Structures are given as C-alpha cells and as structure tokens.
Amino acid sequence: MAMAMMIRNAAASRRAMTPISGDFGGGLRSMSSWWKSVEPAPKDPILGVTEAFLADPSPDKVNVGVGAYRDDNGKPVVLDCVREAERRLAGSTFMEYLPMGGSAKMVDLTLKLAYGDDSEFIKDKRIAAIQTLSGTGACRLFADFQKRFCPGSQIYIPVPTWSNHHNIWRDAEVPQKTYHYYHPETKGLDFSALMDDVKNAPDGSFFLLHACAHNPTGVDPTEEQWREISQLFKAKGHFAFFDMAYQGFASGDPARDAKSIRIFLEDGHHIGISQSYAKNMGLYGQRVGCLSVLCEDAKQAVSVKSQLQQLARPMYSNPPLHGAQLVSTILEDPELKSLWLKEVKVMADRIIGMRTTLRESLEKLGSPLSWEHVTKQIGMFCYSGLTPEQVDRLTSEYHIYMTRNGRISMAGVTTGNVGYLANAIHEVTKSS
Amino acid sequence: MTNSEFSSSSSSPSDRRIGALLRHLTAATNSDNLSSVYASPTSGVSGGSVFAHLVQAPEDPILGVTVAYNKDPSPVKLNLGVGAYRTEEGKPLVLNVVRKAEQQLINDRTRIKEYLPIVGLVEFNKLSAKLILGADSPAIRENRVSTVECLSGTGSLRVGGEFLAKHYHQKTIYITQPTWGNHPKIFTLAGLTVKTYRYYDPSTRGLNFQGLMEDLGAATPGSIVLLHACAHNPTGVDPTIQQWEQIRQLMRSKGLMPFFDSAYQGFASGSLDTDAKPIRMFVADGGECLVAQSYAKNMGLYGERVGALSIVCKSSDVAGKVESQLKLVIRPMYSSPPIHGASIVAVILRDRNLFNEWTLELKAMADRIISMRKQLFEALRARGTPGDWSHIIKQIGMFTFTGLNPAQVSYMTKEYHIYMTSDGRISMAGLSSKTVPHLADAIHAVATKAV
C-alpha cells in the first residue's frame with residue numbers, strides 16, 4: 001500500500017511540475033523543443049535571388065537581381081573617395097558610443113544634400129533628424145513614430161514598391177493601403193489613377209513617395225506631375241514621406257534627384273525623409289542613413305527629435321560609428337566631396353549607357369515588343385514587363401537571375417553581358 | 001472660378017496646375033460644382049504639423065548623465081555615469097588587437113563592403129557562438145545553435161524579444177529588480193509583458209536569493225526570465241555557482257525560458273570561461289535558451305555596435321527554422337547588420353595570437369577595475385566613513401551600486417561635480433588612482449551629513 005501511495009505521489013508531483021502546455025520544455029534531453037511549431041520562413045524575394053545565383057555553377061550566369069552597383073567588369077566597387085576616407089580614419093582613437101541621435105556632423109551634412117546647402121529650414125533648426133541604419137532603419141523608425149504619435153493613421157504605399165516597405169509598416173503595426181502608380185500597359189506612370197487615389201484618400205493621410213528612381217519600376221513622375229501631386233496634397237492636407245535611396249544615382253546630379261522634395265518644400269509641406277548612403281556612396285554594409293522630419297519651429301523639432309531617439313534607444317541604443325565617420329570625412333572635405341560627386345556621376349552614366357545599349361540590342365534583334373521603357377525609366381532598376389514565367393525561363397535556360405516581378409538591376413548589366421542578356425530576353429519574348 | 005479661365009491657351013503654368021487640380025477634384029461631367037471648388041490650403045501646409053501635439057521626451061537617464069557632464073565647466077568633474085572603460089589617465093581605450101585588426105582590414109584591398117546577409121557576417125556568428133558557449137559545446141557540435149549578428153547587446157535583446165513575442169507561447173518576461181534601465185523598454189516595444197523578480201537586497205547590498213527563488217517559483221510556467229550572465233548591471237551582485245545551479249534546476253522544473261544578457265564576458269573576473277559559466281551550465285543540461293552577446297565593453301567596440309543573438313535549440317532542424325524566422329524580424333528593422341565591427345571581431349577571434357593578446361588586454365582592464373574597487377574601499381576606511389562599504393569589493397564588473405539615494409547623488413553632483421545615475425550606480429571604469437580621493441571625499445561628505 002505504501003509503495004502504491006509513493007508511486008501515485010511521484011506521478012502527481014511530476015504532473016504538477018509539468019507546464020500547462022503539456023510540454024516539459026527545455027529541461028532534459030528527452031523533452032521536445034519550444035520551437036517545434038515554428039514554420040520555416042519564406043526566403044526574402046530579393047535577397048533569395050542572389051543566394052540562388054551564388055549556388056549556380058554555370059559560367060554564363062548573370063546576376064541582375066539585387067540592387068548593388070557593379071562596374072563594367074561586373075565587379076563590386078569601393079569608391080576612391082571611400083578608400084581615401086578609410087585611410088584617413090585608420091588609427092582613430094575614437095570608438096565611443098555615438099549619441100542616440102547619431103553623429104550630429106553626419107546628420108547636418110546629410111540634411112544639406114536633401115534640403116539644399118542654404119536651406120532656411122536648416123538655418124531655422126526646424127528639422128528633427130537622426131542618424132539611422134540606412135534607409136530601412138529610417139523608414140522603420142518613421143513607421144514606429146507614426147504609430148506612436150498618429151495612432152489612428154494608415155500609410156499609403158505605391159503599387160508596386162520595394163517589398164520590404166510592406167514588412168516595415170506591418171511590423172510597426174501601421175495599417176497599409178495602396179495607391180496606383182505603375183501602368184503596365186505603358187510601362188510608365190498611371191498618373192490619373194494616382195491622382196484619383198490621392199484625392200479619394202481621407203484628408204490628412206500619410207503617403208510614401210519615392211523621391212527619385214522608383215524601386216522597382218524606375219518610373220518617376222515628371223517635374224510638372226510632381227507639382228500637381230504637391231498641389232493636390234496641399235488641398236487634401238496629406239503627409240508626404242519621401243524614401244530617397246538613390247540621390248545622385250538616378251540622374252547623376254544630386255540636386256536634380258532631390259527636385260521632388262524641393263517642390264514639396266517650396267509648397268510649404270511638412271515632410272519626412274529617409275536618406276540612404278548604401279548605393280550613392282557604396283556604403284551598403286555600413287548601414288548609414290538619416291531620418292528627418294520638418295517641423296513647424298525649432299522647439300517642435302527638439303521635441304520630435306527627442307521622441308525619435310526614444311524609439312531608437314530600445315532598438316539598438318545608438319547607431320554604428322564607422323559608416324557615419326566615412327560620410328562625414330567625405331562630405332566635409334571639398335576635394336573628397338568633389339571626387340564623390342564625380343564618382344556618383346560615373347555610376348549613373350554607366351547605367352544610363354547600359355539602358356541605351358540594352359534597348360538598341362533588343363531592337364536590332366528585331367523584337368516585336370517596344371523597349372522604349374528601358375531608356376525612359378531611371379535609376380538602378382528597369383521594370384522589364386517580363387512575366388514570372390518568362391523570368392523563370394531566363395533563369396532555368398539562361399542562368400539569368402532577377403526578381404520574378406521582372407525587375408532588372410541595370411547595375412548588373414555590363415558591355416560583357418548585355419548582348420547575352422538581350423538575346424535571352426528576345427528568345428523568351430519573341431512569340432509574345 | 002470657371003473652367004474656361006484656366007484653359008491652357010491663355011494661362012500661366014500655375015494656372016494650368018490649378019486647372020489640372022480642379023479637373024482631378026471635380027467630376028468631369030458636373031460643371032455646376034466648379035464654382036464652389038477651390039484649392040484651400042489646409043492644416044498640413046498653412047502652419048499646423050501633424051506632430052504638433054508632441055511633448056519633448058525626457059533625457060535618457062543613463063546617456064543623459066554624460067550630456068550633463070559635458071556641460072559642466074568644473075576642472076574636477078568626474079564622469080561615473082555611462083559604462084565605458086577609461087584608462088588610468090581617464091582616457092577611452094582602443095585595444096591594441098582592435099588597431100591591428102583594423103589595419104589588417106584596411107590593407108586587404110580585395111575586401112568589399114557590400115550588404116552582409118540578413119543574419120550578418122557568418123564567420124563572426126560562428127566564432128561568437130564558440131566564444132560564449134565554449135569551443136567544445138555539444139550544442140554547437142550538434143548544430144543546434146542559431147546565431148545572428150545584431151547591433152550590440154541592445155539589438156540582440158530586441159531581436160530576441162520580438163522573436164519571442166511572435167513565436168513563443170508565453171509573452172511574459174521577468175527582469176531583475178533593479179536592472180539596466182533600457183531592459184523594460186526593449187521588451188515592451190518588442191511586444192512582451194514585463195514583470196520583475198526580486199534580486200538586490202538593499203540591507204546587505206547583496207543578492208536577495210530567497211526572494212529571487214520565491215518569485216521565479218511563483219512565475220507562470222513557461223515564462224521568459226532575463227538573466228545577467230555575469231557582472232549584473234547596475235548592482236554588480238552575481239549569484240554564486242551553487243546559487244546558479246539552484247536557479248537552473250528551478251527554472252527547468254517550471255519550463256521557464258532563460259534569456260541571458262552577456263555584456264561583460266571576460267570583463268568581470270578577467271576570465272572569458274569563468275564569466276560564461278552560468279550560461280554553459282544551462283546549455284549543458286540539454287535545454288533551450290537565448291543568449292545576447294555584446295562586444296561593446298570587452299573589445300572596446302562601443303560605437304561600432306557589435307553583438308550576437310544565439311538561440312540554443314533542441315535540434316538542428318529547429319535551429320534552421322528559427323534562423324529563417326529571425327531573418328523576418330531583422331529585415332523590416334534594418335535589413336542587415338553593419339559590417340565594420342563584426343569584421344574586426346572576426347579577425348581577432350579567428351587568429352590565435354590576436355585572441356591571446358586580447359585575453360591579456362581584457363584581463364588588464366578587469367584587473368584595473370578590481371584595483372579601483374580596492375582603492376576606493378581603502379580610501380573610505382582611511383577616512384572613517386560611517387557604514388559598511390565592503391560591497392564595493394564584493395560586487396563585480398564595471399559598476400558599483402553604492403547604496404546612495406537620489407538626494408545624496410544630487411548633492412555629490414552639485415558640490416563635487418561627480419556624475420552618476422540617480423540610482424547611485426557608479427562606473428568603476430571611470431575612476432583612476434588620482435580621482436579616487438575626490439570620490440571618497442564626496443561619499444564621506446554625504447555619509448556624514450544629513451542629506
């Protein structure tokens with residue numbers, strides 16, 4: 001009897017120790033994992049392309065997937081101005097924490113690029129700005145800020161857009177809506193549908209705009225169209241948030257690439273801007289960028305900046321130092337800055353040249369389709385109009401890698417591979 | 001206003017714009033409405049901002065100390081606020097091995113600075129896991145560890161917290177009382193509910209072990225528990241190895257998920273292995289846990305934001321799935337982590353000579369801090385300062401929890417220009433033989449006054 005009692009008690013105390021889930025997590029080798037219900041996540045649609053490319057053994061393979069610049073030999077580039085800045089920084093004795101808002105110097109220099117060297121807003125200290133983890137980090141902090149301080153608001157996102165924009169505002173728990181942007185028939189801007197959506201949105205809505213070199217389509221509004229958009233935004237009291245990831249990279253001229261922003265500023269909008277140095281300074285892996293919000297006055301800018309910092313602190317405390325130092329070193333030295341501007345123009349010009357060559361090659365091959373959009377679109381990407389099935393054929397038959405929406409990274413096109421690329425595109429489209 | 005006034009043949013660009021705007025704002029067929037339509041500047045433009053209702057946020061309590069210190073013109077001012085190491089001369093220190101590693105990186109012209117993968121620098125991840133779990137760790141051998149590069153300790157905690165909020169069945173995390181001021185904010189924003197467990201005993205200035213065991217024993221089974229691997233911040237009070245074993249047994253019996261914050265490996269005792277022992281004890285029992293690592297202090301890489309989050313899983317299959325989900329947390333936060341700091345760490349950890357040199361530099365920093373503790377304790381004893389100050393030499397790591405109250409702290413700042421956080425935490429790393437007397441005078445003053 002005593003033995004039976006002991007066994008019952010032992011069983012009871014084992015049950016008592018078992019957590020409610022019925023799973024005795026983590027204690028002993030025989031127990032199962034807390035994570036067994038974790039599903040394998042889908043691969044990132046953009047970064048997964050490069051993974052597949054790297055795994056391909058074919059000598060003919062071409063990567064026109066992820067948007068990182070390549071020179072005409074298909075090699076990644078470290079800009080000379082960056083190498084020189086690295087040289088000057090070597091042996092630096094400073095590795096302390098930056099303030100939560102990042103490098104004030106870098107931020108000041110960065111604001112000048114977006115708002116203009118002589119911007120009254122900078123002089124009047126009306127811009128709340130912090131260093132961020134490149135463009136992604138800037139968008140995410142703005143989304144978190146929007147959630148916290150305009151909790152009922154939504155974000156209007158263009159169709160299509162960089163896929164990570166959706167992830168960012170979703171993780172910030174800001175509801176999303178879309179607005180018309182790309183016109184598949186013209187492979188250009190669906191301007192009237194865009195304006196309708198802007199008009200039909202409730203007054204005071206938040207809109208995400210690509211300042212230049214729209215990703216993934218390469219389709220930008222004209223200056224005239226930007227002015228109309230700005231006027232309509234005024235009438236509706238909308239908030240304009242600009243994602244500017246390609247300043248300088250689109251036309252080769254940073255001031256020209258910031259035109260949309262300057263128009264909105266002239267028209268009196270209080271905008272927000274995400275800036276990135278990933279592409280235009282080739283600082284991809286350094287993760288350096290800037291988030292700015294134009295405020296009514298200096299006092300409000302101080303408040304807004306302090307609140308942005310409150311969002312950064314529980315995310316990463318303060319931003320990384322090295323990339324910010326590189327940017328500051330380059331932009332504060334007139335010679336280095338001038339070298340940078342030259343190098344940016346070289347990159348932009350090479351891409352513009354490749355657009356021309358690709359289009360001409362396709363036309364020479366006698367393609368039945370129009371490839372005018374290849375040279376009308378601007379920036380790193382060309383929205384080719386290829387269907388997912390055609391893209392799959394390009395990959396499986398020709399070892400050409402791009403995202404399934406038909407987005408070609410022109411930075412991956414070289415004089416060495418443009419003929420091969422044109423031929424392959426022609427082959428998969430000639431019966432369309 | 002009628003449409004005809006805005007016909008394109010006679011109008012200026014702005015007229016045309018207004019005309020175009022009118023066309024968009026009105027139904028094309030209903031011209032009767034046109035007279036009542038005009039483009040009115042609304043609040044978004046004529047002055048009002050959508051963010052006008054914001055108030056200014058308070059200064060961060062820790063980083064704000066340095067802000068105040070910087071403003072102080074006094075020649076005897078002393079910054080014992082933020083936990084950044086200082087030399088005997090009061091200067092920040094870039095380790096020799098870090099300089100060497102940086103030089104190596106610069107000299108390598110083939111290095112490209114493109115995007116890292118979402119999980120960061122893979123070599124760095126592997127080396128970091130080995131560093132904290134031990135090179136012979138069965139969890140590593142069995143491929144059961146998922147490691148991702150993150151932005152120092154803060155970033156690792158935040159990514160881990162968001163992962164838990166998405167995928168773990170219990171959304172409550174228990175943190176010590178007190179703890180680093182940023183912990184509750186990190187986990188709240190990550191989407192977890194934050195509760196506390198007793199830790200520090202003000203009467204002994206040591207560990208409230210009984211309170212700790214009671215609180216963890218009463219926690220909902222499955223809850224997450226944040227553990228400071230060593231050199232508890234802010235108190236400097238660590239459990240003994242025997243106490244750790246009891247904590248481990250209790251936690252495993254209740255299925256509590258351990259989440260280690262390791263910000264001071266090697267910095268506390270001077271030994272990397274000793275400081276990792278509590279974590280390795282938990283991993284040795286075959287169970288699962290999370291570990292956030294920082295290289296800010298032990299490699300002096302503060303501003304480069306280098307760290308790693310490791311999740312020890314039951315199987316390599318699970319670890320693979322976990323890693324794929326971690327990527328979904330990271331991508332919408334900052335896409336991929338910064339390359340520079342992680343590259344430096346990888347160079348050092350992979351090279352036996354640099355690694356050994358690092359351990360010596362690390363021990364030197366830890367020894368200097370231990371020496372400061374002894375000197376401060378002696379200085380107070382020499383002054384006959386009332387009270388028991390033995391906790392100064394019993395506590396470990398960068399910080400001492402002095403036991404001073406906010407009024408006393410305020411007095412020390414005002415009268416002696418000594419800066420610390422208002423909870424009485426001082427960074428021993430900010431002291432030198434020259435400045436110990438000044439601090440001892442200040443402590444003596446508040447201990448003998450009625451402040």
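Bear in mind that the values here come from a model prediction, so they are computed numbers and not experimental data. Throughout, protein chains are lettered first and strands after them, A, B, ... in sequence-line order, and every chain is numbered starting at 1.
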On a heavy-atom basis, the closest approach of A:Thr136 and B:Arg331 is CG2-O, 3.4 Å
Counting heavy-atom pairs under 4.5 angstrom with chain A, the leader among B:Ile339, B:Asn182, B:Val94 is B:Asn182
Flag the pair B:Glu114 and A:Arg70 as a salt bridge only when some basic side-chain nitrogen lies within less than 4.0 angstrom of an acidic carboxylate oxygen. yes
If one checks every heavy atom of B:Ile311 against chain A at 4.5 Å, the contacting part turns out to be side chain
Practice item. Tell me, with the steps shown, if A:Arg287 and B:His340 meet side chain to side chain contact (heavy atoms under 4.5 Å, CB included). Key: CA-CA 10 Å; A:Arg287 319 309 295 127; B:His340 191 70; over 6 Å; no
Checked A:Pro319, A:Ser134, A:Gly204 vs chain B; the most non-hydrogen pairs under 4.5 Å come from A:Pro319
In terms of heavy-atom pairs under 4.5 Å with chain A, the winner among B:Arg158, B:Lys327, B:Glu162 is B:Arg158
So, the part of B:Leu157 with a heavy atom under 4.5 Å from chain A: the answer is neither
Applying a strict 4.5 Å limit to non-hydrogen atoms, the region of B:Glu323 in contact with chain A is neither
Cut-off 4.5 Å, heavy atoms of chain B, and the answer for A:Gln300 is side chain
Note: vs chain A, highest number of non-hydrogen pairs under 4.5 angstrom among B:Val98, B:Leu301, B:Ile186 is B:Ile186
Open item on the list: Over 60° means perpendicular and under 30° means parallel, so tell me whether B:Tyr115 and A:Tyr284 are parallel, tilted or perpendicular.
Closed with: perpendicular
*Under the side chain to side chain contact (heavy atoms under 4.5 Å, CB included) criterion, do B:Met333 and A:Tyr316 qualify, and how do the steps go?*
CA-CA 10 Å; B:Met333 214 185 266; A:Tyr316 50 82; over 6 Å; no
In this structure, CD of B:Glu102 is separated from CE of A:Met95 (nearest 0.5 Å) by 4.0 Å
Ranked by heavy-atom pairs below 4.5 Å to chain A, first place among B:Gly320, B:Gly155, B:Ser335 goes to B:Ser335
So, the part of B:Pro58 with a heavy atom under 4.5 Å from chain A: the answer is both
Side-chain donor/acceptor of B:His53 to backbone N/O of A:Phe149, under 3.5 Å: yes
The interface call for B:Leu328 against chain A, heavy-atom contacts under 4.5 Å, is both
| Do A:Glu96 and B:Lys297 meet the salt-bridge criterion of a basic N to acidic O distance under 4.0 Å? | no
If one checks every heavy atom of B:Ser336 against chain A at 4.5 Å, the contacting part turns out to be both
Whatever's closer than 4.5 Å to a heavy atom in chain A on B:Ile330 counts as neither
Highest number of heavy-atom pairs under 4.5 Å with chain A among B:Thr188, B:Val55, B:Val67, B:Ile106 belongs to B:Val55
Enumerate donor-acceptor pairs with a distance under 3.5 Å from any side-chain N or O in residues 308-315 of chain A to protein atoms, sequence neighbours excluded.
unit_1, atom_1, unit_2, atom_2, d
A:Arg313, NE, B:Asp60, OD2, 2.8
A:Arg313, NH1, A:Ser317, OG, 3.0
A:Arg313, NH2, B:Asp60, OD1, 3.3

Chain A shares the most heavy-atom pairs under 4.5 Å, among B:Arg109, B:Gln170, B:Lys91, B:Gln103, with B:Arg109
Whatever's closer than 4.5 Å to a heavy atom in chain A on B:Arg99 counts as side chain
So, the part of A:Val78 with a heavy atom under 4.5 Å from chain B: the answer is side chain
- Query: Do B:Pro338 and A:His322 have side-chain heavy atoms sitting under 4.5 Å apart?
  - Reply: no
Here the gap from B:Glu304 atom CD to A:Leu321 atom CG, rounded to the nearest 0.5 Å, amounts to 4.5 Å
If you tally heavy-atom pairs under 4.5 Å between each of A:Ser306, A:Ala324, A:Cys295 and chain B, the highest tally belongs to A:Ser306
If one checks every heavy atom of A:Ser92 against chain B at 4.5 Å, the contacting part turns out to be backbone
key: Atom CD of A:Glu173: over 12 foreign heavy atoms under 6.0 Å   = no
Of A:Leu133, A:Ile168, A:Asp171, A:Asn318, the largest count of non-hydrogen pairs under 4.5 angstrom with chain B goes to A:Asn318
Whatever's closer than 4.5 Å to a heavy atom in chain B on A:Val293 counts as side chain
Heavy-atom distance under 4.5 Å between the side chains of A:Asn164 and B:Pro332, does that happen here?
yes
In terms of heavy-atom pairs under 4.5 Å with chain B, the winner among A:Phe239, A:Phe94, A:Phe145, A:Tyr69 is A:Phe145
